[in-house]
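Before any comments, here is the structure.
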Amino acid sequence: MAKVIIIGAGGVGTVVAYKCAQNPEVFTEIVLASRTKSKCDAIAKAIGKPNITTDSVDADSVDQLKALFERHKPQLVINVALPYQDLTIMEACLACGVNYLDTANYEPKDVAHFEYSWQWAYREKFEKAGLTAILGCGFDPGVSGVFTAYAAKHYFDAMETLDIVDCNAGDHGKAFATNFNPEINIREITQNGRYWQDGEWVTTKPLEFHQPLTYPNIGPRESYLLYHEELESLVQNFPTIKRARFWMTFGQEYLTHLRVIQNIGMARIDEVDYNGTKIVPLQFLKAVLPNPQDLGENYHGETSIGCRISGVGKDGKPLTYYIYNNCSHEEAYKETGMQAVSYTTGVPAMIGAMMFLTGKWNKPGVHNVEEFDPDPFMAQLSVQGLPWHEVVNGDLEL
């Protein structure tokens with residue numbers, strides 16, 4: 001049906017490539033490209049399908065991206081590169097008439113600042129070009145937005161509170177490791193928190209608020225309030241929401257390491273001089289930490305990610321609703337060679353691409369996932385390895 005280019009050959013890119021290859025009736029040609037072609041070659045060889053080819057590109061360069069797109073002429077680009085590179089890829093897509101999908105919002109390299117304004121600024125350009133750009137199509141952001149849209153469509157007249165809850169109860173056996181790109185991960189969780197309350201944003205200190213939340217098949221885990229980008233679009237697209245928060249679990253050992261990293265200056269994102277060479281401490285730290293791609297083999301346990309929503313139901317009565325997915329690290333590794341954090345991001349990216357290519361999510365402009373019909377996406381989640389479950393009017397903390 002269509003040719004796609006996947007940009008990025010990390011853990012998520014690996015999963016996207018595997019899942020696209022499993023659906024050849026939709027993804028008839030797959031090009032996997034990154035700065036290091038040998039990494040793409042190794043992934044293509046492991047998948048072993050004839051419709052996957054590889055190429056190299058520096059995603060910081062609009063000219064190189066344009067040349068890549070002109071060589072292969074894809075219908076859609078699946079961007080699982082670094083968030084710093086979203087805008088260069090979008091620029092190249094506009095120049096070459098290519099549709100776009102990503103899993104995380106743009107952020108500038110020199111400041112850890114998460115918002116959609118830079119990408120939303122492209123709305124009119126994409127609309128005039130007749131091109132679709134789908135933003136934030138991983139799990140959170142991504143499935144969290146689809147879950148919310150599904151709840152709004154089928155259960156609520158008015159959603160009033162939204163809590164997105166993300167638990168990784170897995171154990172990789174390392175003293176300290178991040179589950180995705182260390183640079184992005186540490187930038188994210190060391191920033192101030194933020195949540196939506198009665199029409200305005202409330203700022204908190206990093207990891208200031210925490211409480212135990214109960215996760216299915218896992219039990220209670222201490223969960224910390226963070227800011228996460230999907231809150232920005234969800235409170236705009238569902239204006240009845242009075243309070244929206246995002247929670248993530250962290251173990252005490254992880255937090256101790258993180259505190260030390262910050263205290264000794266290794267979380268800095270500004271340049272320092274080291275023997276006459278300019279280095280960014282966090283980028284150096286990334287180079288010596290375990291590669292998230294290599295965690296899968298010894299990873300045990302599961303993730304649990306979902307949305308807890310309350311409000312007024314379709315019958316006019318108060319309603320609480322919890323929709324979630326649990327994903328096994330072991331099963332993800334058996335299928336793709338990657339752990340569940342990469343799997344839960346890569347599978348939805350493939351499904352979003354499938355939605356576009358099959359005409360179900362095709363709307364010129366720049367859109368977040370909750371702006372599309374959630375039903376066909378939800379149907380594919382279970383088929384593609386991420387089954388979901390619902391709890392209606394249940395006491396989650398029992």
Side-chain angles (χ1 to χ4, degrees), residues 7-12 34-36 57-65 79-91 102-121 135-136 138 141 174-195 201-209 224-232 246 248 250 253-293 341:
I7 300 180
V12 176
S34 77
R35 194 186 302 266
T36 308
V57 68
D58 178 355
D60 289 324
S61 167
V62 174
D63 287 340
Q64 284 198 33
L65 288 161
N79 169 18
V80 285
L82 294 172
Y84 317 137
Q85 297 162 330
D86 289 358
L87 300 188
T88 54
I89 297 173
M90 291 179 79
E91 284 285 354
D102 68 28
T103 63
N105 70 349
Y106 171 77
E107 59 181 272
K109 275 188 178 181
D110 56 352
V111 58
H113 188 71
F114 314 103
E115 66 178 64
Y116 278 114
S117 62
W118 291 286
Q119 292 179 276
W120 285 347
L135 305 185
K174 305 287 186 184
F176 181 83
T178 61
N179 293 293
F180 57 95
N181 185 296
E183 185 180 354
I184 304 303
N185 185 216
I186 293 172
R187 281 166 62 112
E188 177 182 295
I189 63 178
T190 56
Q191 301 311 301
N192 286 336
R194 196 164 61 139
Y195 65 95
W201 293 106
V202 179
T203 300
T204 69
K205 295 177 182 177
L207 307 183
E208 177 182 4
F209 293 103
Y224 294 78
L225 189 147
L226 306 177
Y227 176 67
H228 229 239
E229 64 243 48
E230 67 262 46
L231 297 179
E232 181 183 13
F246 183 95
M248 183 174 283
F250 301 102
E253 186 173 8
Y254 182 95
L255 292 176
T256 298
H257 278 83
L258 183 66
R259 186 166 59 251
V260 172
I261 286 168
Q262 290 179 275
N263 287 345
I264 63 175
M266 290 305 296
R268 289 174 57 174
I269 60 174
D270 57 320
E271 289 186 340
V272 300
D273 187 282
Y274 176 72
N275 289 344
T277 301
K278 298 289 187 182
I279 66 167
V280 174
L282 183 54
Q283 291 178 357
F284 174 79
L285 179 67
K286 172 186 172 182
V288 298
L289 286 175
N291 186 336
Q293 282 182 264
V341 177

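Along the sequence shown, residues carry numbers from 1.
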Open item on the list: For residues 262-277, which residue pairs pass the salt bridge (Lys or Arg N to Asp or Glu O under 4.0 Å) check, not counting sequence neighbours?
Closed with: Arg268-Asp270
TODO: Hey, could you give me the CD/CD distance between Gln119 and Glu107, rounded to the nearest 0.5 Å?
DONE: 10.5 Å
Open item on the list: Using the rule given for side chain to side chain contact (heavy atoms under 4.5 Å, CB included), can you reason through Leu65 versus Glu91, listing the C-alpha separation, both sets of side-chain angles and the distance that settles it, and then say yes or no?
Closed with: CA-CA 9 Å; Leu65 288 161; Glu91 284 285 354; over 6 Å; no
Open item on the list: Any non-hydrogen side-chain atom of Asp60 less than 4.5 Å from a side-chain atom of Arg35?
Closed with: yes
- [ ] Please name the pair of heavy atoms, one in Asp102 and one in Gly136, separated by the smallest distance, quoted to 0.1 Å.
- [x] OD1-N, 2.8 Å
Task: Under 3.5 Å: donor-acceptor pair, side chain of Asn192, backbone of Lys205 - done: no
Open item on the list: We want to know whether Asn105 and Glu232 form a side-chain donor-acceptor pair, criterion being a heavy-atom distance below 3.5 angstrom.
Closed with: no
Task: Rounded distance (nearest 0.5 Å) linking atom CG of Asp58 with atom OG of Ser34 - done: 10.5 Å
Task: Straight-line distance of Phe284 CZ to Tyr274 OH, nearest 0.5 Å - done: 7.5 Å
Open item on the list: On a heavy-atom basis, which atom in Gly265 and which in Pro281 lie closest, and how many Å separate them?
Closed with: O-CB, 3.5 Å
Open item on the list: Keeping Thr103 on the side-chain end and Val80 on the backbone end, is there a donor-acceptor pair under 3.5 Å?
Closed with: no
Task: Heavy-atom closest pair, residues Leu225 and Thr204 - done: CD2-OG1, 4.0 Å
Task: CZ on Phe250 to CG on Leu226, rounded to 0.5 Å - done: 5.0 Å
Task: By side chain to side chain donor-acceptor pair (under 3.5 Å) - contacts of Glu229 (at least two apart) - done: none
Task: Whether Trp118 and Tyr106 hold their rings parallel, tilted or perpendicular, with breakpoints at 30° and 60° - done: perpendicular
Open item on the list: If you compare all heavy atoms of Leu231 against all heavy atoms of Arg194, which two are closest, and at what distance to 0.1 Å?
Closed with: CD1-O, 4.1 Å
- [ ] List for me each residue that meets salt bridge (Lys or Arg N to Asp or Glu O under 4.0 Å) alongside Asp63, sequence neighbours excluded, and say none if there are none.
- [x] none
